[in-house]
4 protein chains.
Amino acid sequence: MAAPDPPPAPQRRGRPRSVAADRAILAATRAALVEVGWSRLTMSEIALRAGVAKTTLYRRWAAKSELVVDAVAVLFDELELPDRGCLRADVEGVVISFAALLRRPETKTALMAVLAESTTDRALRARIREAIVDRQKRLVLDGRSRAQQRGELPPDPPDPAETARVVDLIFDVIAGAVVHRSLVSDCPVDETWARQFATLLLEGLGAASTSARPQSEQAQPDTF
Amino acid sequence: MAAPDPPPAPQRRGRPRSVAADRAILAATRAALVEVGWSRLTMSEIALRAGVAKTTLYRRWAAKSELVVDAVAVLFDELELPDRGCLRADVEGVVISFAALLRRPETKTALMAVLAESTTDRALRARIREAIVDRQKRLVLDGRSRAQQRGELPPDPPDPAETARVVDLIFDVIAGAVVHRSLVSDCPVDETWARQFATLLLEGLGAASTSARPQSEQAQPDTF
Amino acid sequence: MAAPDPPPAPQRRGRPRSVAADRAILAATRAALVEVGWSRLTMSEIALRAGVAKTTLYRRWAAKSELVVDAVAVLFDELELPDRGCLRADVEGVVISFAALLRRPETKTALMAVLAESTTDRALRARIREAIVDRQKRLVLDGRSRAQQRGELPPDPPDPAETARVVDLIFDVIAGAVVHRSLVSDCPVDETWARQFATLLLEGLGAASTSARPQSEQAQPDTF
Amino acid sequence: MAAPDPPPAPQRRGRPRSVAADRAILAATRAALVEVGWSRLTMSEIALRAGVAKTTLYRRWAAKSELVVDAVAVLFDELELPDRGCLRADVEGVVISFAALLRRPETKTALMAVLAESTTDRALRARIREAIVDRQKRLVLDGRSRAQQRGELPPDPPDPAETARVVDLIFDVIAGAVVHRSLVSDCPVDETWARQFATLLLEGLGAASTSARPQSEQAQPDTF
DNA sequence: TCTTAATCGAGACGGTACGTCGGGTCTTCTG
DNA sequence: CAGAAGACCCGACGTACCGTCTCGATTAAGA
């Protein structure tokens, strides 16, 4: 995430780059994103807000999208997964807090924008995965191992590749569902939806298809 | 989907708008999207390809994003859900064909681009939902009613709002997972992944977490 | 001046052209010229003001410049040369009234605009001469024949071509000087200037170069 | 004449403006004027010919008309007044050479066009006077002082304002007559016309009205 | 202490696309 | 048939950003 383009020879000659400028630029990028959105976000505007020349931006980032990736990556790292006692509660918790993050204008705008750019830019795709996406798989790993310790989930299969496949699947399902609900369907991710989604995730389509509250709350304890 | 901006008084004065131009513009938009992608897609280029003046574009669509929504909406309507005999097969089928659609450059690039724009544009958000997203819920409705007829899923709950909630949930989960896997995680949606995802969807996390093939294939028959 | 483009077959079939439209268009053209000037004068605006469709304009005039020529030509015909008793007074009178005409925004703007257009348009040049310029030579002819009757000027030379050359020369000098003073030098054509100009015209450079008022008023009768 | 818009602080920050670009733009403007005339003269075309971006044009000149004023101003500076021995010959000479200048397509087309624009633009009017018109008064001043040294004209009156009025008058008469003859009446300014005009200017209407050649040639030496 | 070299700010540069405007033509329905 | 309405193609407009470049002015580290 952190370091911009090349973390170069540990000490070059000449005037060193200003670290204050780096911070100012990233903060200015976030602020500008909130106010004007991606499509009206310009390098000149960022430079102006950061009190920095355009040259300084381009010396550090090759493109607007890379700058934005770095600027918002740190926000995603704020996600946490406190232990709520059972797998269902942990799922609901992460869904709610991820949705809250996606409600912030700078995150939702930046995320979709860089993803859009990434559809035609392999390097950017990799950078996004490194700086944003893959870092959040820690949440799945944490929740899963906790649930295994509680006996809510079976232990890892012998093949580690198989484990990775499962983790990836769960991550895509949770993140995808929340993003789609929030940004595509444009509907609120509230506690009701989180509960229903957790039921689907834990028990499958049949359980989620029956009337929601009473059964699922009964079903919850005895599922595991 | 079809009609652009105002579907006005059924017979206005003056020269009527050319329907041929409409068709040519949408086709040219798709063709240009394939060749140059979203970021290099220009209104002038579209007009040139369509054999149409730029003014004609702006008379019908207020922005490039709205034009692209209409241009690609029709592609999503090509999705079908042939009856494969059981719910699991239907799920796997729709996942595979949706992923195939998302591999086409004009769809993936256009979809993400307009979604990105839509994060700061309420009207565009509504247009996307109307023209693209909500129309595909038919796939969920079809598959669900088929599964109910087969006895694979319980009948609709008495409250129709509850049914709508469930349908929306399923749609967000399937569409979100496929989009996330394809465009964010940048991994292939192949038969293996589809099978694993279907297991998760039908039986929940516990089933999906155990080693994939044998158990799930055993589990499949006894679902119904 | 009078008729627009083709003074056609005295009675054609079908609906005859509206003469009211003609008048409305020319009036609208003059009004629009005053308000927005030539460069911002548009055919659409004229049509709108005249309550007429653009088609109707183009059916009658081939270009904006021709329309403007016709619209302002009538204004120049208002110039008159009342008999003020002597050649000097007649010259001063015509200078003053011509300058007054050139102060009106629609005349000065229109005249210079169509002249500018005419530098690259032979047909327009002819139309301007016919409709505006040559018609005003009557002023020179009148003043000259009056002065000849008074004995202030010698009679016409035997060769009529020679007479025409002299009339053209006088016309170019008077009209040119007033236009240049008004529109190029952008200085007022007041009584002082008119008197000085008349002295130059009647008596030549030497007389005009000496101090102005007293001498020239003495000099006037005896010419030296 | 020379400098474009703001002649600012003698050393500003940032990259200085390219003087080569200035020269290239003005030359390109003249060349384009010759080829396509004023009405088809576009900023893009000028920029293209000059090898310069459109932005560079707009950074220096607010409007096409101002650019053209600067571009053609230098051509008018080429006018000279060689000493031909007597006032009459000097007048005829300047008339002929001014008419030759007005026959060049770039000058006549540009001059009339910017004058037309200037009727509704006070600033442009001032710019034209500064850059083109007033600079040519030097010709009148030169010719007049030469004639005074020769004894062909009386010395300056005591009041300098009176001198200025006379110079302005003579300038308006000569320039106005030549422009009107050339561009409005659309007739050639040849030696015959020049001689006739000089007679009018030097001796007044009466002399010019009599049959031209013999008398005026006799009159020429003994007039002063 | 003096180079030396890379940074900084500012802003002009060549480009590309924008969205608008006006020109003139055409196609429709209404009088 | 003329007229109004207005859509059509065309091309220029002036603006906004892009990413690069040239300036003079800083700012360290190495000589």
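A, B, ... follow the sequence lines: proteins, then strands. Residue 1 opens every chain. What you see is a predicted model, and the numbers here were worked out from it, not measured in a lab.
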Please state how far atom CG in A:D22 lies from atom P in E:dC8, giving the value in whole angstrom units. 9 Å
Distance in angstrom units between B:W61 CH2 and E:dT20 P, rounded: 16 Å
Compare every heavy atom of C:E106 with every heavy atom of C:V34, then report the nearest pair and how far apart it is. CG2-OE1, 3.3 Å
Using side-chain contact (heavy atoms from CB on, under 4.5 Å) as the criterion, list what pairs up with D:A20, not counting sequence neighbours. D:S18, D:R23
Side-chain donor/acceptor of D:K54 to base of E:dG15, under 3.5 Å: no
Nearest to side-chain heavy atoms of B:T56, which nucleotide of F:dA5, F:dC8, E:dC21: F:dC8
Whole angstroms only, please: what is the CZ-P distance between B:R15 and E:dC29? 12 Å
How long is the straight-line distance from CD1 of A:I46 back to CG of A:L67, given to the nearest 0.5 Å? 5.0 Å
Could you give the CZ-to-C1' distance, from B:R17 to F:dA5, as a whole number of Å? 13 Å
Under 4.0 Å between a Lys/Arg side-chain N and an Asp/Glu carboxylate O for D:R17 and D:D22? no
Quick check: on DNA chain E, is the nucleotide nearest D:T55 upstream (toward 5') of the one nearest C:K64, or the reverse? Name the residue that is more 5'. D:T55
Candidate nucleotides F:dT26, E:dT25, E:dT20, ranked by approach to the side chain of C:Y58 - the nearest: E:dT25
Round to the nearest Å and state the distance from C:R59 atom CZ to F:dA5 atom C1'. 12 Å
Please output the side-chain donor-acceptor pairs of residues 108-122 of chain B that fall under 3.5 Å, not counting sequence neighbours, one pair per line with the distance.
residue	atom	partner	partner atom	Å
B:T109	OG1	A:T119	OG1	3.1
B:S118	OG	B:L115	O	2.6
B:T119	OG1	A:T109	OG1	3.4
B:T119	OG1	B:A116	O	2.8
B:T120	OG1	B:E117	O	3.4
B:D121	OD1	B:A123	N	3.1
B:D121	OD1	B:L124	N	3.0

Kindly point out which of F:dA12, F:dC9, F:dA5 is positioned nearest to the side chain of C:A53? F:dA5
Applying side chain to side chain donor-acceptor pair (under 3.5 Å), can you list everything that pairs with C:R125, at least two apart in sequence or on another chain? D:D186
Listed nucleotide nearest any side-chain atom of D:A21, set E:dC18, F:dC13, E:dC13: E:dC13
Please collect all salt bridge (charged side-chain N to carboxylate O under 4.0 Å, His left out) contacts where either partner lies in residues 27-37 of chain D, sequence neighbours excluded, each pair once. D:E35-D:R49
Contact class for B:L57 vs. all strands (heavy atom < 4.0 Å): base, sugar-phosphate, or nothing? nothing
Give a yes or no answer on whether the side chain of D:T29 reaches the backbone of D:I25 with a donor-acceptor pair at less than 3.5 Å. yes
Return yes if some donor-acceptor pair links the side-chain N/O of D:K54 with the main-chain N/O of D:E45 below 3.5 Å, else return no. no
Nucleic acid contacts of residues 43-52 of chain A, taken as heavy-atom distances under 4.0 Å to DNA chain E: A:G51, A:V52
Can you check the C:E117 CD to E:dG23 C1' distance for me, whole Å? 13 Å
For the residue pair D:A73 and D:A131, what are the closest heavy atoms and their distance? CB-O, 3.5 Å
Please work out if B:T42 contacts a base, only the sugar-phosphate, or nothing of the nucleic acid, heavy-atom cut-off 4.0 Å. sugar-phosphate
Between P on E:dC8 and CZ on D:R13, what's the gap in Å once rounded to a whole number? 16 Å
Ignoring backbone atoms, establish whether A:R60 has a side-chain N or O less than 4.0 Å from OP1 or OP2 of E:dC8. yes
Counting the atoms with a prime plus P, OP1 and OP2 as sugar-phosphate, which does A:S18 contact under 4.0 Å by heavy atoms, base, sugar-phosphate, or nothing? sugar-phosphate
The helix from E:dT3-F:dA29 to E:dG31-F:dC1: angle between end helix axes, five pairs per end, rounded to 10 degrees: 10°
